[in-house]
Amino acid sequence: MAKGPTIELVAVTKRYGEVLAVDNIGLRIPAGSYCCLLGPSGCGKTTTLRMIAGHEEASDGDIILGDKNITDLPPAARGTAMMFQSYALFPHLDCIDNVAFSLKMRGIDKETRQARALKLLERLQMESHAKRLPAQLSGGQQQRVALARALITDPQVLLLDEPLSALDPFLRVKMREELKALQTRLGISFIHVTHSQDEAMALADLVVVMNQGRIEQAAPPREVFNRPASAFVARFIGGHNVIPAAVARAKGSGAFVAIRADLITIQPGPAPVDATSLSGVTRSVEYLGATVQVGIDVAGLEPLSAIVPESRFDANPVAPGQPVVLSWMPKDVHVLGRE
């Protein structure tokens, strides 16, 4: 059950001298949402998160939490809590004292704060490690302690700065599942910065794709993947071929179209080419288990790809250097907005 406030950014801008890091963005995050800010390095996503937290001051605009303008409030008065990328645990304190630290700073007595800290550690299956130091924990265990420490103040919104980037791939997937389950149980909004497309698609109710300080698209993950708003989104989110609309014989106002790689059919060439096909040369073949990814070079276009089910590829294989024809259905062509 969703609880807590809606978060709204109204014409928020951040300048560092002459550098425009965040450019007049507007965003509404519904109460109880898992929101991922996604984009390449330097796109403004971490700066946006830090402005919501109060660790950076907005140059212009307003940050609204529910019916309260928090733009000028100090971090501790905002109703938010932040979990940092490095976890920032105190090495000389055990888990329970790390989790309870903010309550100690507020003058809450030891018995009360440790009882609350232990309760949170139990919720995150870490009670058996309560007396261990951070150096005695694995990366995933350290992350759980950092989460408990952020949650002990009962925030209305939890802010997470690339919380999975320090973990190995197997643990990253496991902790991704745990984060989503925790957010669902708590019912509060999580705002999670990541540069990983897979992470954002797996976790988010709302994916916010940023580029050069602006929001390119803010939508549910299925919409972002199936109807990218721009060529940048289609390229960055992955799994798409971006080609000129004229080449695809597509109608619409956009200069480019996107065609999902898994909706491209390939066959050995040369073969006749019609309005929904192109001839090219196989550049690469990568076996991915259930699928095979085939890279294709087409004269005058950026590199293209097709993702083919293993059984279909095996029935009609191609090899690097081999001529091929790639084709698609007209209904699978998505016309992109103007760049």
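- With sequence neighbours excluded, the residues satisfying side chain to side chain donor-acceptor pair (under 3.5 Å) with K174 are E178.
- Looking at heavy atoms from C-beta onward, T112 lies out of side-chain contact with L103 at the 4.5 angstrom threshold.
- Looking at residues two or more places apart in sequence or on another chain, you find a side-chain contact (heavy atoms from CB on, under 4.5 Å) between P40 and C43, F232, F236.
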Atom pairs and distances, donor-acceptor, side-chain atoms in residues 50-59, under 3.5 Å, two or more places apart:
{"residue": "E56", "atom": "OE1", "partner": "Y16", "partner atom": "OH", "Å": "3.4"}
{"residue": "E56", "atom": "OE2", "partner": "Y16", "partner atom": "OH", "Å": "3.3"}
{"residue": "S59", "atom": "OG", "partner": "R15", "partner atom": "N", "Å": "2.8"}

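- Between the side chains of Q183 and H192, no donor-acceptor pair of N or O atoms lies under 3.5 Å.
- Identified under the salt bridge (charged side-chain N to carboxylate O under 4.0 Å, His left out) test for residues 112-127, with sequence neighbours left out: R116-D154.
- Applying the side-chain hydrogen bond (donor to acceptor under 3.5 Å, both in side chains) test to residues at least two apart or on different chains, none of the pairs has a partner in residues 319-330.
- Residues passing the salt bridge (charged side-chain N to carboxylate O under 4.0 Å, His left out) test with D332, sequence neighbours excluded: none.
- Every side chain to side chain donor-acceptor pair (under 3.5 Å) that R283 has, sequence neighbours left out, goes to D297.
- Applying the side-chain hydrogen bond (donor to acceptor under 3.5 Å, both in side chains) test to every pair with at least one member in residues 67-78, sequence neighbours left out, gives these pairs: D62-N69, N69-T71.
- Residues passing the salt bridge (charged side-chain N to carboxylate O under 4.0 Å, His left out) test with D97: none are found, sequence neighbours excluded.
- Hydrophobic clustering (side-chain heavy atoms under 4.5 Å, transitive across Ile, Leu, Val, Met, Phe, Trp, Tyr) keeps L159 apart from L179.
- Every residue two or more places apart in sequence or in another chain that forms a side-chain contact (heavy atoms from CB on, under 4.5 Å) with A234 is listed here: P228, H240, V242, A258, L336.
- Judged as a side-chain contact (heavy atoms from CB on, under 4.5 Å), and not counting sequence neighbours, the contacts of F101 are F90, L93, M105.
- Considering only heavy atoms from C-beta on, R149 stays 4.5 Å or farther from Y87 through its side chain.
- Looking at residues two or more places apart in sequence or on another chain, you find a side-chain contact (heavy atoms from CB on, under 4.5 Å) between A218 and L27, L206, V208, I215.
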